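Computed from a prediction, not measured in an experiment: that's the story for all the values here. Order of listing sets the numbers, starting from 1, for every ligand and every atom in it.
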Amino acid sequence: MKALCWQGVNQLSVETVPDPEIRNEQDVILKVTATTTCGSDLHLIGGYIPAMQAGDVLGHEFLGEVVEVGSQVRKHKVGDRVVVCSFIGCGRCWYCAHDLWSLCDNSNTNPGLGSALFGYESGAVFGYSHVMGGFRGSHAEYVRVPFADYGAFGVPEGLDDDSALFASDAAPTGWMGADLGGVRPGDVVAVWGCGAVGQLAAKAAMLLGAERVFSIDRFGYRLRMTERHIGSETIDYSATDVGAELRERTGGRGPDVCVEAVGMEAHSAGVHHAYDQVKQQLRLETDRPDAVREAIYSCRKGGTVFILGVFAGVVDKFPLGAVMNKGLTVRGAQQHGQRYVPMLLDRMARGELPTGHLATHRLPLADGPRAYDLFKHKKDDCLRAVLHPGG
Ligand SMILES: NC(=O)c1ccc[n+]([C@@H]2O[C@H](COP(=O)([O-])OP(=O)(O)OC[C@H]3O[C@@H](n4cnc5c(N)ncnc54)[C@H](O)[C@@H]3O)[C@@H](O)[C@H]2O)c1
Ligand SMILES: [Zn+2]
Ligand SMILES: [Zn+2]
């Protein structure tokens, strides 16, 4: 079959790779109908995530048709249209039983790498480096889905592929940021980043009852899209001092909950940015945490900062003094999608959670490298480029 492979830093190509096979009785094989680029892939492509190997198949947000089922699969049959959670959870370990699916103890087949980096390994994710299990990704004609009874979800009739697709990763990630960030009715929430994850975090905050939600980015088309489809207020960080603006717009107090949906390659005009870029390039720090710093400084006293953006290792100039003296709660997580996906699909089907607008570009699998060029360089107002391996 054909698949989009990582070949080296900033090098992608479509290759012929072996077809996937059922390896475990709980697997299903999916014929991929839609699979999207994600901000997380940019960190892989840029070489900031360790343990990638030439030939690794990318892609972790996808939807498709079941074409083969393992003997112990109970919930799915051949022909079902399902969307699959990007993180793989076994459904049985202590973490899965506690709804902490991205921390599954059984799915990651390379636990040693993660423990060396983080103290304990995380769960596995499709198409996301050997630290996270080295599973083949979904930018392919077919993909093997382990523990399919837990990770694959039937898509409601009437909900189109390019909307349901985002239940795989961007929607549950955004929802988790607002939910575990503790958003309560009446809260003021600020979200850094107007990519798919940031937009859906802002929408989640609104649906959880936030009174005012601010979305922050610098790309005009992303800010306009967020205003139009999500309905939050926007702030262009390249045109203003975000902390001062948030204070002014919130009667001097600042947001109750700050959600960071930017990640390790944050951009900023500030003096720390040049410092971070030099240190990151010299591999003296792994991540550039500009938006995390700004969220910590901007958050009201006693508030919560939730980090959705992906970080790989260690950062400098982390404002620990602000965390401690302002009494902040700082949390983060890879997404625990299995706990949210059915609810999110219902909301999408009812028209409460808009996602269809995120798929700004639709391309065949053969155009995978071009899809990432559009997405990475934000060409032609690209928000997400969706690949359709079936054509
Ligand atoms: N926690 C999880 O499970 C999970 C799941 C999916 C994605 N992610 C991560 O979420 C992040 C966002 O993903 P995405 O697909 O929306 O990416 P994206 O690249 O489309 O969007 C990121 C946005 O952040 C903006 N940005 C950059 N610097 C900024 C700053 N200083 N302040 C405000 N905005 C800034 C960019 O302009 C861009 O619009 C990535 O780091 C991705 O890896 C995490
Ligand atoms: Zn993703
Ligand atoms: Zn588990």
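- In this structure, K2 is not positioned above the aromatic face of Y142 in the sense of NZ or CZ being under 6.0 Å from the six-membered ring centre and within 45° of the axis.
- The heavy-atom pair separating S40 from H60 by the smallest distance is CB-CE1, 3.9 Å.
- Residue, atom and distance of the protein heavy atom nearest to atom 3 (O) of ligand 1 are Q335 N, 2.7 Å.
- Looking only at distances, a side-chain donor or acceptor of T360 sits under 3.5 Å from a matching main-chain atom of L383.
- On a distance-only criterion, Q334 and ligand 1 share at least one N/O pair closer than 3.5 Å.
- For atom 17 (O) of ligand 1, the closest non-hydrogen atom of the protein is G39 CA, 3.4 Å.
- Between H361 and F375, a ring centre-to-centre spacing not shorter than 6.0 Å is recorded.
- Under the 3.5 Å distance criterion, the side-chain polar atoms of Y340 are left unmatched by any main-chain donor or acceptor of A171.
- Counting only heavy atoms of the protein, atom 44 (C) of ligand 1 lies nearest to L308 O, 2.9 Å.
- Taking only nitrogen or oxygen atoms, main chain and side chain alike, H43 reaches within less than 3.5 Å of ligand 1.
- At most 12 non-hydrogen atoms from other residues, nucleotides or ligands lie less than 6.0 angstrom from CD of E211.
- Using a 4.0 Å cut-off between charged side-chain N and carboxylate O, E233 and R212 make a salt bridge.
- One finds no salt bridge joining R222 and D217 here, because no Lys/Arg side-chain nitrogen approaches an Asp/Glu carboxylate oxygen to under 4.0 Å.
- Residue G198 has no nitrogen or oxygen atom sitting less than 3.5 Å from a nitrogen or oxygen atom of ligand 1, judged on distance alone.
- Scanning the protein for heavy atoms near atom 20 (O) of ligand 1, the closest one is R222 NH1, 2.9 Å.
- Side chain of E245 to main chain of E248: no donor-acceptor pair is present (N/O by atom type, distance under 3.5 Å, no hydrogens or angles).
- Checked against a 6.0 Å centroid threshold, the rings of F62 and F126 count as neighbours.
- For atom 4 (C) of ligand 1, the closest non-hydrogen atom of the protein is T173 CG2, 3.4 Å.
- For atom 26 (N) of ligand 1, the closest non-hydrogen atom of the protein is V262 CG1, 3.7 Å.
- Remark: the Q7 side chain and the S13 side chain contain an N/O donor-acceptor pair separated by less than 3.5 Å.
- Residues V131 and G114 share a closest heavy-atom pair of CG1-CA, 4.0 Å.
- The N/O atoms of S40, backbone and side chain alike, include one that comes under 3.5 Å of an N/O atom in ligand 1.
- Nearest to atom 37 (O) of ligand 1 by heavy-atom distance, out of L223, D217, T226, is D217.
- Around the Zn ion (ligand 2), the protein contributes the following N, O or S atoms under 2.8 Å, ordered by chain and number: C38 SG, H60 NE2, E61 OE2, D169 OD2.
- Centred on the Zn ion (ligand 3), the SG atom of C93 and the SG atom of C90 lie at an angle of 110°, reported to 10°.
- Between D161 and H388, the side chains place no donor N or O within less than 3.5 Å of an acceptor N or O (distance only, hydrogens not considered).
- The backbone of A333, and not its side chain, has at least one atom closer than 4.0 Å to an atom of ligand 1 (non-hydrogen atoms only; backbone = N, CA, C, O).
- Only the side chain of R384 comes within contact range of ligand 1, with a heavy atom under 4.0 Å; no backbone atom does.
- Close approach to G263 involves these atoms of ligand 1, each under 4.0 Å from a residue heavy atom: 41 (O).
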Step by step, work out the side-chain contact (heavy atoms from CB on, under 4.5 Å) result for L365 and E141.
CA-CA 8 Å; L365 181 63; E141 291 175 279; 4.3 Å; yes
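- Annotation: F87 places no N or O atom under 3.5 Å from an N or O atom of ligand 1; distance criterion only.
- Among protein heavy atoms, the minimum distance from atom 22 (C) of ligand 1 is reached at A261 O, 4.0 Å.
- Of all atoms in ligand 1, numbered sequentially from 1 with element shown, those under 4.0 Å from a heavy atom of W192 are 32 (N), 33 (C).
- Of the listed residues (I49, D169, V191), the one carrying the non-hydrogen atom nearest atom 6 (C) of ligand 1 is D169.
- For ligand 1, one of its N or O atoms has an N or O atom of A196 under 3.5 Å away.
- Rounded to 10°, the angle that SG of C96 and SG of C104 form at the Zn ion (ligand 3) is 110°.
- Close contacts between ligand 1 and F219 involve ligand atoms 37 (O) [criterion: under 4.0 Å to a heavy atom].
- Contact check on R218 versus D236 returns no salt bridge, with no Lys/Arg side-chain nitrogen under 4.0 Å from an Asp/Glu carboxylate oxygen.
- Ligand 1 has no N or O atom lying under 3.5 Å from any N or O atom of M176, backbone or side chain.
- Considering Q338, H336, Q334, Q335 as possible partners of S102, the one that fulfils the side chain to side chain donor-acceptor pair (under 3.5 Å) test is H336.
- The heavy atom nearest to atom 31 (N) of ligand 1, out of those in H267, M264, E61, is found in H267.
- Electrostatic pairing of R370 and D373 does not count as a salt bridge here, judged by no charged N lying under 4.0 Å from a carboxylate O.
- Residues R81 and G158 approach most closely at NH2-N, 4.4 Å, considering heavy atoms.
- Contact check for I296 versus V323: side-chain heavy atoms found under the 4.5 Å cut-off.
- The distance from ligand 1 to the heavy atoms of G309 drops below 4.0 Å at these ligand atoms: 9 (C), 10 (O), 11 (C), 41 (O).
- Near F375, meaning under 4.0 Å from one of its heavy atoms, ligand 1 places the atoms 20 (O).
- Among all non-hydrogen protein atoms, the one lying nearest atom 13 (O) of ligand 1 is V197 CG2, 3.6 Å.
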